There are 2 protein chains.
Amino acid sequence: MRVLKYAILGLLDKGELSGYDIANQFKEGEIGQFWSAKHSQIYPELKKLTDEGLIQYQTVIQGSKLEKKIYSITPDGKQELHEWLTHFGPIPAVKDEFMLKAYFVSSMSPNEAKDLFRDQFNKRKEKLAFLEKRFDELQKKMTDPVARSPHFGHYLVLTRAMEREKGYIAWLEKALKWLEEVPES
Amino acid sequence: MRVLKYAILGLLDKGELSGYDIANQFKEGEIGQFWSAKHSQIYPELKKLTDEGLIQYQTVIQGSKLEKKIYSITPDGKQELHEWLTHFGPIPAVKDEFMLKAYFVSSMSPNEAKDLFRDQFNKRKEKLAFLEKRFDELQKKMTDPVARSPHFGHYLVLTRAMEREKGYIAWLEKALKWLEEVPES
DNA sequence: TCCCACATGTAATGGGTTACATGATTGA
DNA sequence: TCAATCATGTAACCCATTACATGTGGGA
């Protein structure tokens with residue numbers, strides 16, 4: 001599927017970036033909750049996309065020697081991005097290691113299961129708190145008609161990420177309640 | 001992380017299975033919503049786990065010639081499974097191609113975005129209906145103290161899968177509402 | 001001066017999918 | 001007899017992570 005290709009095209013369609021910048025977008029940036037890649041995957045991909053004529057770069061000197069490549073998207077790149085964006089794909093099978101453990105709950109003792117679920121609950125709560133802090137900051141920057149804001153994309157992924165965590169947390173609470181019904185506490 | 005290893009150990013801890021059976025569990029079975037693997041990955045892994053002494057098999061003749069390997073978990077296998085189950089791991093970064101497209105919403109026209117979101121909405125609704133049918137069947141087989149049922153693991157993953165889809169659907173509805181606020185319909 | 005962030009690349013390895021390959025069994 | 005399912009394996013390839021490798025810039 002070469003999704004990284006489209007992730008890079010999409011980022012560059014928002015503005016010019018270096019490979020280092022792209023790596024940071026995935027690491028700490030807005031889209032990090034739903035896609036990421038290490039620099040060791042990004043640099044070869046940038047080279048490939050350049051060879052394919054979908055992006056281009058200009059070398060910029062930082063300070064006195066350090067060379068930096070600033071990439072931008074080409075018309076061909078925009079077209080391929082657009083084709084991917086408007087193509088309807090199937091719902092992919094998402095893997096979740098914690099749910100695999102949950103499925104094997106009967107291979108644990110009730111107390112072990114409770115500990116495992118409580119740990120997951122705490123971690124999800126923490127993550128939600130982090131996302132909510134981000135969301136507060138974002139809301140300050142946004143005015144009313146959400147979909148017209150230049151931050152609409154960020155708004156979409158942040159609201160989705162928060163609700164994903166909320167749903168997980170609500171389910172974990174229910175699961176813990178079911179587990180409490182069994183004694184051996 | 002070798003998660004497939006533990007997925008196989010966990011399945012075999014529930015009962016003896018052939019490689020073919022394991023492939024089917026992932027394809028159509030109860031855990032398919034949260035983990036899967038193709039037979040081309042399963043057979044080499046079974047061999048490896050056998051070499052490591054974590055599982056064993058007996059050959060059974062099906063019909064008159066067809067050989068089938070029935071695998072079971074060993075005490076060493078049970079111990080490794082238990083260590084994995086009770087170990088607290090970090091929340092992994094889950095990738096979601098649709099959310100990547102959502103982040104790039106400003107690279108689409110409002111109408112294209114609406115079409116994309118409506119398609120996702122329909123597909124998620126369909127998937128939820130499928131899961132709910134499964135859930136109805138499961139509930140018939142279950143009696144009250146949920147956590148004591150031999151189907152508790154199945155119950156956990158099904159309820160989680162349903163709520164995951166419900167959460168996605170609710171967010172898609174909101175996103176579509178935001179998109180409707182922009183004209184060009 | 002020393003550390004951290006900036007900046008770019010390659011190599012080795014692991015996990016996973018698609019394709020290649022073969023054969024038996026069962027029921028319509 | 002024909003098709004679908006049962007049953008097991010290997011090979012080639014792709015995607016992704018970890019580790020290896022190097023050097024500059026800026027601020028304390």
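A note on names: the letters A, B, ... follow the listed sequences, proteins ahead of strands, and every chain is numbered from 1. Quick caveat: nothing in here was measured; it's all calculated off a predicted structure.
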### Summary
Nearest heavy-atom contact between B:Ala102 and A:Leu156 is O-CD1, 3.6 Å
### Pairs touching residues 47-57 of chain A that satisfy side chain to side chain donor-acceptor pair (under 3.5 Å), sequence neighbours left out
A:Arg2-A:Glu52
#### Entry: Note, B:Leu9 side chain near B:Trp84 side chain (heavy atom, < 4.5 Å)
no
Under 3.5 Å, N/O pairs linking protein and nucleotides 10-15 of chain D:
{"unit_1": "D:dC15", "atom_1": "OP1", "unit_2": "A:Arg2", "atom_2": "N", "d": "3.4"}

### Query
Side chains of B:Tyr71 and B:Asp21: does their closest heavy-atom pair fall under 4.5 Å?
no
Give me, pair by pair, the N or O atoms of the protein and of nucleotides 25-28 of chain D that are less than 3.5 Å apart, along with how far apart they are.
{"unit_1": "D:dG25", "atom_1": "OP1", "unit_2": "A:Gln62", "atom_2": "O", "d": "3.1"}
{"unit_1": "D:dG25", "atom_1": "OP1", "unit_2": "A:Ser64", "atom_2": "N", "d": "2.7"}
{"unit_1": "D:dG25", "atom_1": "OP1", "unit_2": "A:Ser64", "atom_2": "OG", "d": "3.4"}
{"unit_1": "D:dG25", "atom_1": "OP1", "unit_2": "A:Lys65", "atom_2": "N", "d": "2.7"}
{"unit_1": "D:dG25", "atom_1": "OP1", "unit_2": "A:Leu66", "atom_2": "N", "d": "3.3"}

### Query
Taking side chain as C-beta onward, heavy atoms only, is B:Phe121 less than 4.5 Å from B:Tyr168?
no
#### Entry: A:Phe34 six-ring face occupied by A:Arg160 cation (under 6.0 Å, within 45°)
no
### Query
Which residues satisfy the side chain to side chain donor-acceptor pair (under 3.5 Å) test with A:Ser107, sequence neighbours excluded?
B:Asp13
### Summary
Taken to the nearest whole Å, CG/A:Leu46 to C1'/C:dA7 is 13 Å
### Query
Between B:Asp136 and B:Lys140, is the closest basic N to carboxylate O distance under 4.0 Å?
no
### Query
Taking atom C1' of D:dA16 as reference, at what distance in whole Å does atom CD1 of A:Ile8 sit?
13 Å
### Message
If I take atom CD1 in residue A:Ile42 and atom P in nucleotide C:dT10, what distance separates them, rounded to the nearest angstrom?
### Response
14 Å
### Message
I need the NZ-P distance between A:Lys38 and D:dA19, as an integer number of Å.
### Response
11 Å
### Task
Give me the residues of residues 10-31 of chain B where at least one heavy atom lies under 4.0 Å from an atom of DNA chain C, by number, or none.
none
### Query
With respect to the phosphate group of C:dG15, does any side-chain polar atom (N or O) of B:Lys5 fall under 4.0 Å of OP1 or OP2?
no
### Message
Using C1' atoms of five pairs at each end, report the bend of the helix from C:dT1-D:dA28 to C:dA28-D:dT1 rounded to 10 degrees.
### Response
30°
### Query
Does A:Tyr103 have B:Lys14 sitting over its ring (NZ/CZ under 6.0 Å from centre, angle to axis within 45°)?
yes
### Message
Between A:Glu80 and A:Lys5 (salt bridge meaning N to carboxylate O under 4.0 Å), is one present in this structure?
### Response
yes
### Message
For a quick check of understanding: with a heavy-atom distance under 4.0 Å over all strands, which category does B:Lys68 fall into, base, sugar-phosphate or nothing?
### Response
sugar-phosphate
### Task
With rounding to the nearest 0.5 Å, note down the distance linking CG in A:Asp119 to CZ in A:Phe117.
11.5 Å
### Query
Would you call A:Glu181-B:Arg148 a salt bridge at under 4.0 Å N-O?
no
### Main-chain N/O of B:Lys68 paired with B:Ser18 side-chain donor or acceptor, under 3.5 Å
no
